[in-house]
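Read the structure below first, then the notes.
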Amino acid sequence: MNVQTMIDVFKDKFPQSGPPVAAAAPGRVNLIGEHTDYNDGFVLPMAINDQIILIGSLRSDRQVHLYSMDFEEASVFSLDAIEASADTPWSNYIRGICVMYQKTTRLQGMNIVLQGRVPQGAGLSSSAALEVAAALLVKTLHGIRISSTALVKLAQSAENEFVGVQCGIMDQFVSMLGKQDHVLFLDCRSLDYELVPAPFSGTRVIVVDSGVKRGLVDSEYNKRRAQCSDAVDLLRDSLPDIQSLRDVELKHLPLINSLPNELAKRARHVVTENARVLQAVNHLRREDITSFGELMNQSHISLRDDYEVSCRELDLLVDMAWSIPGTLGSRMTGAGFGGCTVSLVEESASDAFTTQIKTHYKENCGISPRVFVYQASKGAHILPLA
Ligand code: GLA
């Protein structure tokens, strides 16, 4: 992605504008800790080296003029009456950010050009990247004083309240606070986090897009959230002090197993997954990526059998990965029902891995999967413009 080209487009679309500011934010891949963020639990994502860039400047009125280079499409709205757009759904993430800022700050109009390299609809959080980049751009242009954590919460609330998706906080958090060569260990209750060095020098983080996008994701996602809270309500009979599944421990598994079958399975996933994240962080600290990979495999089995958010295509990709020598671990990543798998593969085996996955998946599913090799990258930042 060439920032100079973006500047040229900006000057072409908005010839009267002053010099623009550029904000970039990355997508993410979650290595372990799935469907734990909205249960106050633990996650371990990393920011990826695909990002979305927004360049913009202030206007003297209250109009926001957007131009998406990916969609070759413009969208305009007034800060006095921000409504969701059905014609330019990509603009809703930026509209939502403006709505959230305007709860406390009166904004000025803006001209903005945007372009993204985060694959869309693949479960790599292109929407969180767009929200975070927009939040950082608006903050910088207006000189708003807001902490990184508050900005993350603002971006999440844009998605929850304006776009209408009940996501947790993981995606926006790592898009903002990720760091090169580090994974982010986040406690989604306290929002305490630690950037853990990623000892992946002899390995590759390989993401494979199944190419499957199920309409089910949102409804099933909300259903899982509701089931987790139902499980907490029932468990409270025996554990009166618990607030969320985060407070339920492995020693309580017999109690969990006595819940109605579906709720037992959902709760079991969350409780064991939280434990796996804590173990995984310890393995990383000791640079034991073999044990780390084993936990990724267990996470997949739990998501497949207990949380039931995998699908045939994701299971197939993971099964294939497990059978390829040099694969240390492989699992579905993100919300599920399609999207991507993430695998940790020895560097020497990564070419063979890619070739075999591409060939076999195409033979079995008729889809040529996109394969991405990602490095842990830095979170949102302002780009210096010449
Ligand atoms: C989506 C949500 C995240 C998280 C994952 C599942 O990516 O946006 O907040 O809940 O699903 O781990």
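Predicted, not measured: the structure shown is a model, and the values here were computed from it. In listed order, ligands and their atoms are each counted from 1.
Looking at Gly168 next to ligand 1, an N or O pair under 3.5 Å apart turns up. Looking at Asp37 next to ligand 1, an N or O pair under 3.5 Å apart turns up. Taking any N or O of Glu34, backbone or side chain, at least one lies under 3.5 Å from an N or O belonging to ligand 1. Residue Asn30 has no nitrogen or oxygen atom sitting less than 3.5 Å from a nitrogen or oxygen atom of ligand 1, judged on distance alone. Some N or O of Asp171 is nearer than 3.5 Å to an N or O of ligand 1, by distance alone.
Without hydrogens or angle criteria, Thr333 side chain to Asn30 main chain gives a donor-acceptor distance under 3.5 Å.
Here Arg312 contributes atom CZ and Leu317 contributes atom CG; the two are 10.0 Å apart, rounded to the nearest 0.5 Å.
For atom 10 (O) of ligand 1, the nearest protein heavy atom (residue, atom name, distance) is Tyr221 OH, 2.5 Å.
Below 30°, between 30° and 60°, or above 60°: for Phe71 and Trp90 the angle between ring planes is below 30°, a parallel geometry. Using bins of under 30°, 30° to 60° and over 60° for the plane-to-plane angle, the ring pair Phe173/Tyr193 lands in the perpendicular bin.
Atoms of ligand 1 found under 4.0 Å from any heavy atom of Met170 (numbered from 1 in listed order, with element): 4 (C), 5 (C), 12 (O). Ligand-side atoms of ligand 1 in range of Tyr38: 10 (O), range being under 4.0 angstrom from any heavy atom.
Ile382 is connected to Met176 through a chain of hydrophobic side-chain contacts under 4.5 Å among Ile, Leu, Val, Met, Phe, Trp and Tyr, so both are in one cluster. Grouping the Ile, Leu, Val, Met, Phe, Trp and Tyr side chains by contacts below 4.5 angstrom, directly or via other members, places Val342 apart from Trp322.
Using a non-hydrogen distance threshold of 4.0 Å, Arg28 registers as a contact of ligand 1.
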So Phe42 and Arg276, side-chain contact (heavy atoms from CB on, under 4.5 Å) or not? Walk me through it. CA-CA 9 Å; Phe42 304 108; Arg276 278 187 288 272; over 6 Å; no
